[in-house]
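Reminder, nothing fancy here: chain letters follow the sequence lines and each chain counts from 1.
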Amino acid sequence: MTGSHIVVDRLSKRYDTSTGAVQALTDVSLSVGPREFCTVIGPSGCGKSTLLAMIGGLLGPDEGSIVIDGRRVAGPDPRRVAMVFQDPGLFPWLTALDNVAFGLELQGIPRAERRRIAADLLGPLGLREFALKYPRELSGGMRQRVAIARALAIDSGIVLMDEPFGALDEQTRFLMGEWLLDVWTRARKTVVFVTHSLQEALALSTRVVVMTARPGRIKSVIDLPLPYPRDLESPEIASFRAKLWGELREESLKTMNQ
Amino acid sequence: MRRGVVLPRAAIVGVLALGWEITARSMDPLLYVPPSRVLPALGRLVALESFPYLPEHLWLTLREILIAYALAVGGGIATGFALGLRPGLGRIYAPLLGALYAVPSVVWYPSLMLLFGLGAASKIAFGFLLGFFPITLAVLAGVRQVDPHLVTVARAFGARPGTVFARVMLPSMLSTLTGGLRAGLALSVVGVIVGEVLGSKAGLGYLINYAYGLLRTADYVALVLVALALVLAIDGVAALGERRARRWA
Ligand SMILES: Nc1ncnc2c1ncn2[C@@H]1O[C@H](COP(=O)(O)OP(=O)(O)O)[C@@H](O)[C@H]1O
Ligand SMILES: [Mg+2]
């Protein structure tokens with residue numbers, strides 16, 4: 001399935017904790033079109049993960065709504081949305097292949113078929129030889145690729161990624177970005193990608209959403225209508241970087257001084 | 001590897017038996033029986049000459065163990081999950097459980113005999129009591145071991161609570177759970193046999209106590225060896241089950 005349309009409308013979310021209430025999101029509205037690569041960037045604690053969890057149906061909104069292809073989100077729906085988290089969250093007792101097939105298994109697809117689909121995905125991801133390895137035998141980058149393959153396997157129109165490369169070193173991170181771009185170009189899904197890396201946002205996105213410090217609101221949306229692969233040293237990217245950093249700097253300073 | 005284990009083990013048993021033989025021969029023959037007298041006694045026991053009703057007694061003990069263990073497994077798993085999955089309940093009651101477990105369990109036995117009488121029921125109750133705690137505590141520890149992130153991932157992929165339980169919680173807890181189930185079995189066995197020794201009219205423990213009371217020391221030692229064989233056989237079955245469970249995960 002290819003690109004779905006996400007409409008987030010006046011979303012608010014508050015967490016009630018023993019030490020008082022935390023307003024995580026206030027009045028967030030956002031529209032992500034089919035086949036977009038939309039990056040969400042903002043200081044830590046501004047509610048990016050909360051926003052993603054709500055689009056994925058893992059959390060319900062206090063106010064507002066999320067509508068995907070005309071249908072309101074009321075809970076996790078893997079037929080429409082797949083998720084990747086910063087912690088790959090692979091099941092340690094399953095091989096890479098069976099981890100990739102996990103979502104398919106829950107959808108009741110027979111073992112032979114789901115293994116075939118999973119194996120077809122692992123090949124192009126450079127993991128063919130690792131299909132029968134367990135997560136503990138894989139490197140951090142491989143684990144995250146397996147987690148991404150697990151998300152791609154269920155063939156949803158949307159993939160949500162919450163800082164998927166946040167735990168990887170700089171070089172691996174860069175290569176994973178290139179790799180993800182390649183996957184996205186071929187799979188043509190709608191991606192919402194959370195990061196705190198300017199470079200990643202500039203290299204990957206068709207548009208960047210900047211969020212304010214807590215309580216999270218949308219500060220600005222910047223379109224990046226540039227072809228891939230991008231030369232991060234080009235003057236065009238440099239001007240986008242300056243603009244993005246201007247927006248982000250203010251919010252990061254707020255978070256630092258809180 | 002097999003031979004590297006068997007030989008040293010046989011050697012230590014041989015050395016101990018020899019030491020026992022030498023020591024016992026120089027002591028009061030009424031109280032100290034050397035292996036050379038135990039073996040014939042064991043032969044008579046197995047040939048059903050010394051205790052013709054040995055199979056009935058063994059069978060009774062085995063049934064008591066099975067019932068006690070089944071109750072301990074059911075009760076322990078239910079209690080463990082009830083407390084583990086409801087953090088509120090767990091906070092209130094789990095410490096009580098730990099405190100009860102710390103009490104030397106034999107102190108409960110007299111009250112169990114008063115409640116359930118001299119028959120099988122009090123042995124089953126004692127075996128249940130001993131097996132129940134390690135199983136409950138293993139379930140509690142296992143629930144705490146489950147990585148909440150994996151639960152979130154499973155939910156994101158559409159898992160409902162039953163699926164989360166079967167596909168995430170059980171595999172996460174498996175080694176703790178099987179460890180607890182095995183410890184619980186060993187303790188249920190101990191509970192039943194100790195219960196029989198302390199006061200009963202039938203069962204392996206009763207025979208042991210009977211032989212001991214009549215100073216039939218060789219028969220007594222032979223019966224203890226039978227108890228040992230029974231325990232080893234039960235633990236062997238448990239180990240087999242544990243290995244299978246691990247393969248399933
Ligand atoms: N389950 C929760 N309970 C209470 N507070 C939470 C919970 N999850 C997140 N928060 C708080 O909500 C705010 C937003 O969190 P999050 O969405 O994780 O931000 P981000 O992903 O941008 O770092 C933070 O202040 C965080 O401490
Ligand atoms: Mg986050």
Side-chain angles (χ1 to χ4, degrees), chain A residues 18 49-50 52-60 73-95 98-109 114 134-135 143-144 146-156 158-162 164 167, chain B residues 77 80-81 84-92 94-95 138-182 239-249:
Chain A
S18 50
S49 296
T50 303
L52 231 59
M54 289 172 84
I55 298 175
L58 289 170
L59 273 179
V73 172
D77 181 355
R79 280 166 211 276
R80 299 199 291 166
V81 181
M83 296 187 81
V84 178
F85 304 86
Q86 176 170 348
D87 175 340
L90 300 181
F91 301 108
W93 52 87
L94 296 181
T95 60
D98 285 334
N99 263 290
V100 175
F102 180 77
L104 301 170
E105 182 186 351
L106 292 195
Q107 294 181 6
I109 292 169
R114 62 179 192 252
Y134 287 87
R143 282 182 208 162
Q144 198 53 286
V146 172
I148 293 172
R150 177 173 64 186
L152 296 175
I154 56 177
D155 203 27
S156 57
I158 298 170
V159 181
L160 307 177
M161 300 187 167
D162 190 357
Chain B
I77 287 182
F81 278 117
L85 296 180
R86 291 195 186 73
L89 276 186
R91 253 196 312 281
I92 299 171
V139 173
L140 273 172
V143 169
R144 255 179 266 123
Q145 255 168 12
V146 177
D147 178 356
H149 182 55
L150 293 184
V151 173
T152 304
V153 169
R155 286 216 303 127
F157 280 90
R160 310 207 159 266
T163 314
V164 169
F165 181 77
R167 300 304 319 273
V168 180
M169 298 197 56
L170 277 188
S172 301
M173 331 175 27
L174 198 69
S175 66
T176 311
L177 193 61
T178 50
L181 287 173
R182 207 171 151 186
L240 215 70
E242 194 175 354
R243 225 171 302 141
R244 281 191 72 130
R246 275 181 213 286
R247 213 172 322 135
W248 160 78

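Of all heavy-atom pairs spanning B/R167 and A/L94, the tightest one is NH2-CD2, 4.0 Å. The two residues B/A156 and A/M83 have their closest heavy-atom pair at CB-SD, 4.0 Å. Contact record, A/L106 with B/A154: CD1-O, 4.1 Å, taken as the closest heavy-atom pair.
Heavy atoms closer than 4.5 Å to chain B are found in the side chain of A/E105, but not in its backbone. With a 4.5 Å cut-off on non-hydrogen atoms, B/R160 does not touch chain A at all. Residue contact with chain B, scored on non-hydrogen atoms closer than 4.5 Å, is absent for A/L160.
Per-residue heavy-atom pair counts under 4.5 Å with chain A were compared for B/D147, B/V168, B/T163, and the maximum is reached by B/V168.
Distance check: B/F157 CZ to A/D77 CG gives 12.5 Å after rounding to the nearest 0.5 Å.
Of all residues in residues 146-153 of chain A, those placing a non-hydrogen atom less than 4.5 angstrom from a non-hydrogen atom of chain B are A/R150, A/A151.
B/R155 places a side-chain N or O within donor-acceptor distance of the main-chain N or O of A/L58, the cut-off being under 3.5 Å.
Using a 4.5 Å heavy-atom cutoff, the side chains of A/W93 and B/S172 are in contact. Contact of the B/V153 side chain with the A/F102 side chain is not registered, since no non-hydrogen atoms from C-beta on lie closer than 4.5 Å. Put simply, the side chain of B/L150 reaches to within 4.5 Å of the side chain of A/P92, judged on heavy atoms.
Looking at residues two or more places apart in sequence or on another chain, you find a salt bridge (Lys or Arg N to Asp or Glu O under 4.0 Å) between A/D98 and A/R115.
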